[in-house]
Each structure stands twice: as structure tokens, then as C-alpha cells.
Amino acid sequence: MAFATITHSAPEWAEDSAVPTSKTLVLAITGASGSIFAIQALRALERDPRVRRVHLIVSPSALRVLAEESGISARNSILEKLLGRPSEKTTLLAHEDIGAPIASGSYPVDAMIVLPCSMGTLAGIAHGMAGNLIERAADVCLKERRRLVLCVRETPLNLIQIRNMAAATEAGATIFPVIPTFYNHPQTVDDIARHYAHRVLQHIGLPQPDAYIWGSDQSSDDLI
């Protein structure tokens, strides 16, 4: 059995220094396992010249998971520790701040990613609870018909969780489970997390210059 080749393909913006910086995004990190995926996504957004602003929300449970999984702690300096330096692009918003700009539909946001998305956050979004800034910002994305990507992380799934995923999908969200790939031949855990983050960013229209892309010039006969 022969497999199609994997290629590195740089999008046009990677070679164009005049790319406009216009996108405003929301990245929310919740208390599900898999904080390394969020770190890779945040760092990619920070590097991306097409992204003008990132609003970051880290739930209290996510702070604990970050400390357990990545050794990143300290609530007051969490952004600098996630990025390795201060940022002029990314703003950290309080989980309880339902008066933040992104809590209103009048504030322009291009997309929101919840990575990883806990089952509790999924339930709150699927049922319109809006009890904190993550749920409220997601609710705004749904009502304004903006792109909302929920990177759910749980296994096995019970029927309640499956139904919540269906409800969120019917409301307009994309369910993007945290599932690693191996066709890109990852050598490290960071490779796995980075490729997943690239897939998520590609889904919202931000293909990354160093992403693995399955060879699109192969015919279906080449896969047999």
C-alpha cells in the first residue's frame, strides 16, 4: 500500500511582508487536559501577521491544569509565561468579566476558539448559560453567526456530552475534537500539539507556513 506524500507548503502571506493585519480572535483555555495544544495555538497566533488582536481567557480550572501539565503557574503573569515574553497583540481577560468588550455583539470578532474545551464549558455553551466570559463570548459568536470552534477533550463520552455536542453544532459551532494525527510523522509531543493547532487555525482561515499538508496532487489510485 502506497501513501500520498506529505509536503510543507507555505501560504502566500509567508512570503509577503505587506500582508494586512486585520483579524481579531478570541482564544479560551478551559480546564480539560491538553493545555499544550492551547499554548501552541496561542504562540502561532502571536506570530501570525494576519492577526491584529487576540483576546485570551483562561478559566480558573485551566490555571490548575496548566500548572499540572506544563509547569506554568502564577495567575498575574500567566500571559508572559505562556508566550515567553510580554505581548502587545494578546490581551488577557478575566474569566468573570462579563463586561469585557467581547461580551457584546457590537464588538467585532472574527472567530473564537475554545482549546481545550471541557465538557462543563461545552454544556454551558450548548445551553446558552453565559455564566462567565467564555460562555458569554461563545454565545455572542453564535448569535452573531461568527465562527466558533470547540476543541472538546474527553473520553469516553456519555450520552449527555454527545447531545451537547449536537446542540452546539446545530447552533452553529464546529466541534473539533482534540485528536492527534500521525501521518505527519511527529517526533515529539510538541510536534503533535503544533500540528493539531495548525489544523484548527487552518479551519478559521489562517493556514500556517510550516504546517504539514497532505499531498493534494495525488489521485485516489495512489492511495491503494
Side-chain angles (χ1 to χ4, degrees), residues 3-11 14 25-48 50-51 54-75 77-87 89-90 92 95 111-122 134 148-157 161 165 174-215:
F3 290 93
T5 58
I6 303 168
T7 60
H8 280 83
S9 178
L25 304 173
V26 177
L27 175 63
I29 308 176
T30 73
S33 181
S35 56
I36 187 174
F37 295 95
I39 295 171
Q40 291 292 339
L42 177 62
R43 291 176 179 175
L45 290 173
E46 183 72 15
R47 293 189 302 266
D48 197 320
R50 298 164 296 179
V51 178
V54 179
H55 294 284
L56 176 68
I57 317 166
V58 184
S59 75
S61 296
L63 289 172
R64 178 168 182 175
V65 174
L66 280 164
E68 293 282 347
E69 294 184 345
S70 304
I72 296 176
S73 59
R75 181 187 300 264
S77 58
I78 190 68
L79 179 56
E80 288 79 3
K81 289 189 175 183
L82 288 171
L83 291 173
R85 58 178 175 78
S87 172
K89 176 187 291 189
T90 302
L92 180 65
H95 183 248
M112 177 174 177
I113 301 167
V114 185
L115 172 61
C117 181
S118 68
M119 291 298 102
T121 298
L122 168 67
I134 294 177
L148 173 64
V149 182
L150 306 179
C151 303
V152 295
R153 169 63 174 82
E154 187 61 279
T155 189
L157 296 166
Q161 295 161 347
M165 284 190 277
T174 295
I175 303 298
F176 207 121
V178 179
I179 299 175
T181 61
F182 298 97
Y183 59 79
N184 52 312
H185 303 294
Q187 301 300 306
T188 66
V189 174
D190 281 344
D191 287 344
I192 293 173
R194 189 177 304 110
H195 182 65
Y196 175 83
H198 287 172
R199 289 289 312 282
V200 174
L201 296 182
Q202 181 182 23
H203 186 73
I204 64 169
L206 292 172
Q208 298 298 297
D210 55 343
Y212 278 100
I213 300 175
W214 188 267

Requested in this report: Report yes if the side chains of S70 and I39 come closer than 4.5 Å at any heavy-atom pair, otherwise no.
Outcome: yes
Query raised in the report: How long is the span from the CG atom in L45 to the CD1 atom in I204, to the nearest 0.5 Å?
Result: 6.5 Å
Query - S35 side, atom OG; L42 side, atom CG - distance, nearest 0.5 Å - result: 12.0 Å
Query - Validation row: Q161, E154 side chains within 4.5 angstrom (heavy atoms) - result: yes
Requested in this report: Please test H203 against T174 for side chain to side chain contact (heavy atoms under 4.5 Å, CB included), starting from the C-alpha separation and ending with a verdict.
Outcome: CA-CA 10 Å; H203 186 73; T174 295; 3.4 Å; yes
**Report entry** Heavy-atom closest contact (A28 atom, M112 atom, distance)
**Finding:** CB-CE, 4.1 Å
Requested in this report: Return the set of residues passing salt bridge (charged side-chain N to carboxylate O under 4.0 Å, His left out) with D191 (not counting sequence neighbours), or none when no residue passes.
Outcome: R194
Query raised in the report: Any side-chain heavy-atom pair from L56 and L82 closer than 4.5 angstrom?
Result: yes
**Report entry** Residue pair V200 / C151, side-chain heavy-atom distance below 4.5 Å
**Finding:** yes
Report task. Decide yes or no for L201 and I113: does some side-chain heavy atom of the first lie under 4.5 Å from some side-chain heavy atom of the second? Result -> yes
Report summary line: All heavy atoms of Y196 vs all of L115, minimum pair found to be CE2-CD1, 3.6 Å
Query raised in the report: Which distance, rounded to the nearest 0.5 Å, do you find between the CD of E80 and the OG of S87?
Result: 8.5 Å
Query raised in the report: Which pair of heavy atoms, one from R50 and one from P207, lies closest together, and at what distance?
Result: NH2-O, 2.8 Å
Requested in this report: Could you tell me whether R43 atom CZ has more than 12 heavy atoms of other residues or ligands within 6.0 Å of it?
Outcome: yes
**Report entry** Those residues that, when tested against H55, pass ring-ring contact (aromatic ring centres under 6.0 Å, His included) (two or more places apart)
**Finding:** Y107
Query raised in the report: Can you tell me how far CG of L27 sits from CD1 of I57, rounded to the nearest 0.5 angstrom?
Result: 8.5 Å
Query raised in the report: What heavy-atom pair brings F37 and I192 nearest, and what distance separates the two atoms?
Result: CE2-O, 4.2 Å
Query raised in the report: Atom CG of L25 and atom NZ of K89: how far apart are they, to the nearest 0.5 Å?
Result: 9.0 Å
Requested in this report: Keeping the roles fixed (side chain from T30, backbone from S118), state whether a donor-acceptor pair exists under 3.5 Å.
Outcome: yes
Query raised in the report: Is any side-chain heavy atom of S59 closer than 4.5 Å to a side-chain heavy atom of I29?
Result: no
Query raised in the report: Going through the checks in order, is the side chain to side chain contact (heavy atoms under 4.5 Å, CB included) test met by Y212 and H198?
Result: CA-CA 8 Å; Y212 278 100; H198 287 172; over 6 Å; no
**Report entry** Student check: side-chain heavy atoms of T90 and L92 closer than 4.5 Å
**Finding:** no
Query raised in the report: Which heavy-atom pair separates G34 from E69 by the least distance, and what is that distance?
Result: N-OE1, 3.1 Å
Requested in this report: Could you tell me whether H195 and F182 have their ring centroids closer than 6.0 angstrom?
Outcome: no
Report task. Would you indicate whether the side-chain heavy atoms of V152 and M165 approach each other to under 4.5 Å? Result -> yes
Report task. Search all heavy atoms of R153 against all heavy atoms of P116 and return the closest pair with its distance. Result -> CB-CB, 4.1 Å
